[in-house]
Structure formats: structure tokens, C-alpha cells
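What follows is one structure encoded as C-alpha cells, with my remarks underneath.
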There are 2 protein chains.
Amino acid sequence: MTARSTNTGEGSGAQDPHRDIPEATVARLPVYLRALTSLAERNIASCSSEELATAAGVNSAKLRKDLSYLGSYGTRGVGYDVDYLSYQIAREIGVTHDWPVIIVGIGNLGQALANFSGFSSRGFRTVALLDAAEQMQGRTVAGLEVRPFADLAEIVAAEQVSIGVISVPATAAQDVADAMVEAGISSILNFAPAVLNVPPGVDVRKVDLSIELQILAYHESRKAAEADETVDNGSEEGITA
Amino acid sequence: MTARSTNTGEGSGAQDPHRDIPEATVARLPVYLRALTSLAERNIASCSSEELATAAGVNSAKLRKDLSYLGSYGTRGVGYDVDYLSYQIAREIGVTHDWPVIIVGIGNLGQALANFSGFSSRGFRTVALLDAAEQMQGRTVAGLEVRPFADLAEIVAAEQVSIGVISVPATAAQDVADAMVEAGISSILNFAPAVLNVPPGVDVRKVDLSIELQILAYHESRKAAEADETVDNGSEEGITA
DNA sequence: CTATGTGAAGGGGTTCACAGCC
DNA sequence: GGCTGTGAACCCCTTCACATAG
């Protein structure tokens with residue numbers, strides 16, 4: 001899903017000896033972190049794996065297994081300290097300090113992203129909004145002035161940006177990605193419905209709205225087909241006569 | 001990831017004997033469909049698995065394996081007919097006809113979704129926009145009038161809606177989901193950063209922007225750590241003395 | 001006695017490599 | 001000869017069940 005996973009072996013031989021956390025676990029750590037934050041807001045100081053798992057929408061065995069990759073941060077017979085575990089997960093993800101982020105493409109979606117509080121609340125700070133369109137220049141969105149796309153490299157260098165968000169039309173996405181990589185960005189969150197080619201060492205994650213809907217449609221079709229069948233067959237199991 | 005997967009065995013015994021397509025494959029079919037559409041637009045009538053795989057951003061073995069679950073729609077020694085394969089995939093997904101969709105929560109993100117052409121272009125038609133806020137009533141967004149949340153059940157019944165999109169704040173998401181399920185919706189695309197509880201038979205897919213960023217941040221942190229190490233150790237492989 | 005942490009078993013998905021068909 | 005379709009090997013992830021620690 002990321003360039004990292006499709007381009008193993010870029011040249012960094014040993015797989016980071018410290019600890020290597022499975023990708024599936026990495027994808028769930030933010031969910032656990034959010035669940036813990038939610039517990040903390042309700043003044044809950046400690047919780048069992050069962051409780052945290054429920055809050056995160058997974059089963060407790062999976063949660064414990066996931067946490068075991070980070071270390072032993074619980075207490076047997078007791079559970080987990082909410083604040084302590086929160087910190088450990090945040091540290092593992094690397095969101096104990098804020099990451100500067102830029103957004104390229106300030107259309108409807110880009111504006112929504114710029115205004116999205118969830119971005120800034122957890123470890124990210126939008127430092128610039130860029131758009132190529134003449135008519136966007138100088139406008140203010142979410143308290144930031146929209147700047148010309150040509151300023152990309154300058155901004156990335158000045159603000160030490162390593163994460164970029166692409167919310168331009170599909171046709172422009174590859175060009176934007178190329179420019180981002182050229183400027184030194186090494187992680188891209190892509191909202192454009194296009195496949196991006198990036199060099200090894202650059203991670204890309206894709207959020208594709210119509211793909212998600214199509215996956216739902218597939219299951220929806222099957223439900224309809226199943227319902228029809230049930231009508232045809234009456235019940236399904238063991239009537240055999 | 002969906003309620004379906006966490007709630008197997010709701011009561012529909014046999015696993016649909018026709019064909020059961022792996023979930024991972026289902027998630028890629030829309031990608032293939034888009035790649036094919038893109039080829040068709042360039043007037044390419046047929047392609048090899050290699051070409052299509054490149055356009056879709058996967059390797060050709062995986063593509064062929066995925067397509068093999070649908071049937072044998074290629075020609076050995078030749079490749080695939082673009083239009084024919086497109087139709088077969090669209091039929092399998094269930095997007096040969098349009099699905100009516102409603103969006104609940106017409107804030108920044110909801111408006112962006114309503115305006116998003118990709119929704120309507122491939123198998124989906126937004127039939128209603130709902131919002132609970134008084135001040136949103138009567139406004140027109142993307143050519144549709146915003147209607148009160150209370151009209152949900154009525155609209156779902158009248159338009160035969162089975163897919164709903166949630167773009168409300170996290171605190172309201174569960175209530176909206178409950179109302180959707182009550183009204184008869186059985187597939188939900190959730191943009192709110194919250195875990196939804198739904199009964200068996202209802203599918204939920206989650207799109208969580210800050211989780212995606214945090215996953216990128218994790219890898220970004222590791223890259224930084226690796227770079228430091230490389231500086232410390234010089235080269236990494238086989239120095240052993 | 002309770003709840004975590006974890007080897008081991010089981011299930012799915014990806015990749016390989018080649019048989020099969022054009 | 002070329003490219004698809006697919007069994008088999010491999011690898012990762014999930015789940016189970018219990019040893020372990022408080």
C-alpha cells in the first residue's frame with residue numbers, strides 16, 4: 001500500500017533491529033491512541049485490555065498482541081494505566097511532537113482538510129496551503145493564506161516539511177507528487193483518484209472515496225442476492241428432504 | 001474492517017456458493033476498473049496483465065490471481081479486452097446500475113463530498129443531503145437542498161437508499177448510524193473519527209484522515225532514526241570487524 | 001484469583017513458477 | 001512463442017489457550 005511495502009530493499013539492509021512492528025499493528029496504534037484519549041477525557045485512569053479493545057472496536061487478544069510489540073506496558077492482574085500507555089503509543093508513532101504538513105490543492109476537499117480540526121489536534125500542524133490556480137492566490141482558508149504552487153520547494157525547505165497532502169484533480173496528481181518528492185517530502189497522503197509513482201523511500205497512502213463506496217456496493221449486491229435466494233429456497237440449512 | 005467481517009455467521013449459513021471473492025481482491029477490483037476506464041479513454045482496446053497491473057499499481061501475478069476469481073475473461077497469449085473486462089468487473093462489483101446515496105452532515109467535509117464528481121461518475125447518485133443544524137436548512141449545496149435530519153427515514157424509504165455517508169462530528173456519529181440502520185440503510189461510509197457499533201448484516205467502512213497521517217508519521221520517524229544510525233555506523237552490512 | 005503477555009496453531013493473502021491455451 | 005490461469009510454497013496476521021506475574 002505504501003511505496004515502502006512495494007519497494008522493499010531500497011538499500012537499508014537490516015530491518016531496524018530495535019523492534020519491527022507489523023504493518024497491521026502500526027495501522028491500529030492510532031485507533032488505540034484515540035480510544036485512550038477518549039477514556040482519559042472521561043477521567044478513566046486505568047482500563048483492562050477488554051475495555052480498551054471494545055473502545056477501539058477490536059478484540060482483546062489482538063489488542064494485547066499489538067501492544068506486546070511495543071513492550072510490556074501493562075500490569076498483570078490489573079490492566080493498563082491510560083496516561084502511561086497513551087504516551088508510550090504516541091512515542092512509538094512519533095507524534096509526541098508536531099509534524100508540519102502542507103496541503104496542495106485547495107478546492108472543496110482541500111478546504112475541508114484545512115479546516116479539519118482532527119488534523120491539528122493530534123500531532124500535525126498545517127503550515128501552508130498551495131494551489132496553482134490564479135484565482136485562489138491571496139485567499140485565506142482556515143487562517144492561512146493560499147500560496148502559489150511554485151513556492152513549494154521554498155516552503156518545504158523553510159519549514160522542514162516531510163509530509164504532504166494531495167487534494168488536486170487526478171490529472172494533476174502525479175506532477176504534484178513529483179514536485180513534492182523533488183522538494184524533499186518523503187510521505188504523501190493522496191486524495192486524488194490516481195496511482196502515484198514515487199521513488200523508493202517515499203511512502204504514499206491513498207484515500208479514495210469512490211473505491212470505498214464501490215466496496216460497499218459489492219457487499220450490498222451480495223446481500224440483495226442472498227435475500228433473493230432465501231426467498232427461493234425457504235430456509236437453507238439441513239432441510240435435505 | 002466491516003461489521004460483516006467481525007460478525008461472521010449472522011445466520012446465513014452457506015458462504016454463497018456461486019463464488020466467494022477474497023476481501024483483499026474485492027478492495028482492488030475498483031482500482032482495476034478505474035485503470036481500465038483510463039485505458040479506454042486513451043482508446044486502448046486491449047492490454048496485457050502486465051500493462052493493466054502497472055496502470056493499477058500492483059504486480060501482474062496479483063492482478064491475474066484476482067481476475068481469476070471472477071472467471072476467465074482474458075485470452076491466453078493475447079491479453080484482455082478492455083471494454084469486456086471493464087463490464088465484467090463492474091457487474092461483479094454491482095455498479096452497472098447507480099446506487100442512491102445520502103450524506104448526513106453538511107459541514108466542510110460533507111459539502112466537499114457532495115461536490116465530489118467521483119461519487120456520481122462511477123455508480124453512485126447522491127439523492128439527499130441532511131443536516132441537523134437549523135441554519136443549514138434550505139441551503140443548496142451541489143444542486144441539492146439541505147434537508148432536516150428528521151426526514152432521514154422518509155427519504156431512505158422513498159428513494160430505496162441502502163448506502164449512507166456520515167460526515168458529522170465524532171460525538172454525533174453513533175446516533176446518526178443508529179438512525180440510518182433504523183431507517184433501513186445497510187452500508188455506511190464513516191468519516192467521523194469514532195468507532196461505530198452496528199448490528200450484524202450492516203457493513204461499515206471507515207475513512208480516517210488523522211489515522212492515515214499518523215501511519216505516515218510512524219514511518220517518517222523510522223526513516224529519521226535510520227538516517228541517524230547510518231551516520232553513526234557508516235555503512236551497515238558486513239562490517240563485522 | 002485476575003488479567004497480561006506470548007508461543008503455537010490456524011487462516012488468508014501474496015508470490016512463484018509452470019501448465020495450459022491461443 | 002507468448003501470455004493467461006492456477007496449484008503450491010511462502011509469509012503475515014489473527015486467534016487460541018495458557019504460562020506468568022501481580
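All chains are named by letter (A, B, ...) in the order of the sequence lines, taking the proteins before the strands, and each is independently numbered beginning at 1.
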When you measure from the side chain of B:Lys223 to the backbone N and O of A:Ser186, does any donor-acceptor pair fall under 3.5 Å? yes
Could you check whether any side-chain N or O of A:Asn59 sits under 3.5 Å from a backbone N or O of A:Leu63, counting only pairs where one atom can act as donor and the other as acceptor? no
Check whether any side-chain heavy atom of A:Leu39 sits under 4.5 Å from a side-chain heavy atom of A:Thr37, and report yes or no. no
How would you list, by chain and number, every residue that makes a ring-ring contact (aromatic ring centres under 6.0 Å, His included) with A:Tyr87, sequence neighbours excluded? none
Quick one: salt bridge (charged side-chain N to carboxylate O under 4.0 Å, His left out) pairs with a partner in residues 43-62 of chain B, sequence neighbours left out? none
Kindly state each residue pair satisfying salt bridge (charged side-chain N to carboxylate O under 4.0 Å, His left out) with at least one member in residues 172-200 of chain A, sequence neighbours excluded. none
Check the distance between [N]'s [atom2] and [X]'s [atom1] and give it to me in whole angstrom.
X       : N      : atom1 : atom2 : value
A:Leu52 : C:dA3  : CG    : C1'   : 14 Å
A:Tyr80 : D:dG22 : OH    : P     : 14 Å
B:Asp20 : C:dG13 : CG    : C1'   : 13 Å
B:Leu67 : D:dT6  : CG    : P     : 11 Å
A:Leu63 : C:dT6  : CG    : P     : 13 Å
B:Asp81 : D:dT4  : CG    : P     : 13 Å

For nucleotides 18-22 of chain C, give me every protein contact, N/O to N/O, under 3.5 Å, one pair per line with atom names.
from   : atom 1 : to      : atom 2 : distance (Å)
C:dG20 : N3     : B:Arg76 : NH1    : 3.1
C:dC22 : O4'    : B:Arg76 : O      : 3.4

Would the A:Tyr73 and A:Tyr80 ring centres measure less than 6.0 Å apart? no
What protein N or O atoms touch nucleotides 9-11 of chain C N or O atoms at under 3.5 angstrom, if any, and at what distances?
none

Contacts of B:Val195 that satisfy side chain to side chain contact (heavy atoms under 4.5 Å, CB included) - sequence neighbours left out: none
In chain order, what residues pass the side chain to side chain contact (heavy atoms under 4.5 Å, CB included) check against B:Ser221, with sequence neighbours excluded? A:Trp99
Could you tell me which residues satisfy side-chain hydrogen bond (donor to acceptor under 3.5 Å, both in side chains) with A:Ser86, sequence neighbours excluded, listed by chain and number? none
Partner set under side-chain hydrogen bond (donor to acceptor under 3.5 Å, both in side chains) for A:Thr126, not counting sequence neighbours: none
Answer with yes or no whether the side chains of B:Arg64 and B:Ser49 bring together a donor and an acceptor at under 3.5 Å. yes
For A:Arg28, what residues pass the salt bridge (Lys or Arg N to Asp or Glu O under 4.0 Å) criterion, not counting sequence neighbours? A:Asp66
Which pairs, protein N/O on one side and nucleotides 12-15 of chain D N/O on the other, fall under 3.5 Å?
from   : atom 1 : to      : atom 2 : distance (Å)
D:dT14 : OP1    : A:Arg28 : NH1    : 2.8
D:dT14 : OP2    : A:Arg28 : NH2    : 2.8
D:dT15 : OP2    : A:Asn59 : ND2    : 2.7

Could you list by number each residue of residues 40-49 of chain B showing a heavy-atom separation from DNA chain D of less than 4.0 Å, or answer none if no residue does? B:Ser48, B:Ser49
